[in-house]
Amino acid sequence: MNLRIFSIQHDHHGLAEVARASDTAPRIAAELRGARDVKGVVLLRTCNRVELLVDAPDLSTAHAQLRLARLGPVPIAWDVLEGEEALTHVFRVAAGLESMVVGEREIAGQLRRALNDAQDTGLASPVLTTLVEEALRTSRRIARETSLHAAGRSVVSEGLDMLGPLEWSRQRVLIVGTGSFAGAVISAARSRGAHHLSVHSTSGRGQAFAESHQLMPVDDLPGAVHHADVIITCRGKGGHTITADMLACRRPVAVVDLSLSRDVAPDVSELPHVTAIDLARIQRDVAPRWNDDAELAARLVTEGVEAVLAKLRTRLVDPAVVELRQAVLELVSDEVTRLPQGRALDRDECAHALRRLATRLLHTPSMRAKEAAEAGRTDEYLNALYEVCGITAVVPPIGLNPDELETQHCPVTGLSLGDLNPAPRLEAL
């Protein structure tokens, strides 16, 4: 497997670098895929990460980094993951284990869309398609077998609880942004008795979001902030939407920032009349509750990675198995043409034809045995003979069980040795 991931993440590089990488990433992906030694590229872009999944067996990491550096006016300091580490990263990202809110499901949909886009534009390769689909399959398994998908709702609920006892029916609640937490915010606020909810959004989704959730849309953000009792932000596009100047009034105001990229300016928390809570603080309180589920999810990721590695290793030998079968079938066809035509064969003629076929099949292995012995590679040859034919002329290598050959299936035909045994002949009554 030659998977490489070139990654820019908000917690390593900052949101400004994520935004810069996001702007140039589509062109980078297209130009990489156009290179002769690159078989596939999948581009994952979110507001918090930009990652290029690259399938390039014959391209060194150093050359790949050099190409990336040439594709922009200012080189981007990509983090690089390779091989099994990169594969594990894809699985963890798909499962939400690399997200600020562990287990969040939105990232799985984003990864699915990234693969679909790569397939539609001819950027994907069979290997990348397999890896991403297996990662998404493991992500769905984690969603079924753990409760991590509820962690986002838990974060919202915990954040509102941190505000202390409030008479929610009298609070004027302003929601800023329509990000992934917005729906959970509305549900949590209404379950506490809130009736006066409004929403502000600059993404163009504000009006439709307000109508679908029966909220009051507001365009004047400073004015809405001035009149709000509780402000909950989940915009997450970078930049401080709520500043200290906007909260100059002296009446008590509660602010909950649910954005990974901090919608609320840090100096807001210094205002004496403001109760300010951010996502990092909420996460510190909530995370221990999900430790058991997170550990189970990590084990499921490990299982998924091991399964896909086994599948890829099997595919490496498939062409050889197909070629072996084709060579044997050609020998059989050649022997069939030698048989007498126009009459039934007697027992001796059948035996002679089979012995001749067996001799031809064994000619090359027999010659290779002689060459191996003369070259002092007897043990190597005998072990290979055991691997291929199950011949136990020597003690088999540790971990190999001759009995297993009876039950294992051919990767091409799916048949076992038992399937090839002739059916028992029915005796006449």
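Within 6.0 Å of the CE atom in Met162, the count of heavy atoms belonging to other residues, nucleotides or ligands exceeds 12. Residue-environment remark: CZ (Arg251) exceeds the threshold of 12 foreign heavy atoms within 6.0 Å. Within a 6.0 Å radius of CG in Asp267, more than 12 heavy atoms belonging to other residues, nucleotides or ligands are found. Open room surrounds CZ on Arg170; 12 or fewer heavy atoms of other groups in view lie less than 6.0 Å from it.
Residue Asp219 holds its CG atom at 8.0 Å from CD of Gln207, rounded to the nearest 0.5 Å. Atoms CG and CG, on Leu53 and Leu87 in that order, are 9.5 Å from each other to the nearest 0.5 Å. In this structure, CD1 on Ile231 lies 8.0 Å from CG on Leu221, to the nearest 0.5 angstrom. Expressed to the nearest 0.5 Å, how far CD of Gln110 lies from CG of Leu115 amounts to 14.0 Å.
With respect to the salt-bridge test (charged N to carboxylate O, under 4.0 angstrom), the residues Lys39 and Asp55 do not qualify. Contact check on Glu158 versus Arg281 returns no salt bridge, with no Lys/Arg side-chain nitrogen under 4.0 Å from an Asp/Glu carboxylate oxygen. Contact check on Glu303 versus Arg141 returns a salt bridge, with a Lys/Arg side-chain nitrogen under 4.0 Å from an Asp/Glu carboxylate oxygen. A salt bridge links Arg360 with Glu335; the closest basic N to acidic carboxylate O contact falls under 4.0 Å. A salt bridge is defined here as a Lys NZ or Arg NE, NH1 or NH2 lying under 4.0 Å from an Asp or Glu carboxylate O, and Arg192 with Asp161 meets this definition.
Annotation: salt bridge (Lys or Arg N to Asp or Glu O under 4.0 Å) contacts involving residues 121-135, sequence neighbours excluded, comprise Glu134-Arg137, Glu134-Lys311.
Ala118 and Val41 make their closest contact through CB-O, 3.6 Å (heavy atoms, listed as atom of the first residue, atom of the second, distance).
Under the 3.5 Å distance criterion, the side-chain polar atoms of Ser212 are matched with a main-chain donor or acceptor of Phe209. A donor-acceptor pair is defined here as one N or O able to donate and one able to accept, closer than 3.5 Å; no such pair exists between the side chain of Arg105 and the backbone of His149. Proximity of a side-chain donor or acceptor of Arg33 to a complementary backbone N or O of Leu123 within less than 3.5 Å is detected. With Tyr381 contributing its side chain and Pro365 its backbone, the two residues share a donor-acceptor pair below 3.5 Å. In terms of modelled atom types and a separation under 3.5 Å, the side chain of His200 and the main chain of Val218 share a donor-acceptor contact. The main-chain N or O of Leu329 is never found under 3.5 Å from a side-chain atom of Ser333 such that the two would form a donor-acceptor pair. For His12 (side chain) and Ile8 (main-chain N/O), no donor-acceptor pair under 3.5 Å exists by modelled atom type.
Residues Asp263 and His240 have side chains that never bring a donor and an acceptor to within less than 3.5 angstrom of each other. Residues Ser7 and Glu51 bring a donor and an acceptor atom of their side chains to less than 3.5 Å of each other. Judged by distance alone, the side chains of Asp257 and Thr233 do bring a donor and an acceptor atom under 3.5 Å apart.
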After noting the C-alpha distance and the side-chain angles of His195 and Gln171, does the key distance pass the side chain to side chain donor-acceptor pair (under 3.5 Å) rule?
CA-CA 8 Å; His195 302 299; Gln171 305 301 310; over 6 Å; no

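Side-chain contact between Phe91 and Leu131 is absent, with no heavy atoms from C-beta onward closer than 4.5 Å. For the pair Phe6/Ile28, no side-chain contact is recorded, criterion being any heavy-atom separation below 4.5 Å from C-beta on. Here the side chains of Val185 and Val173 are not in contact, with every heavy-atom distance at 4.5 Å or above.
Annotation: salt bridge (Lys or Arg N to Asp or Glu O under 4.0 Å) contacts of Asp293 (sequence neighbours excluded): none.
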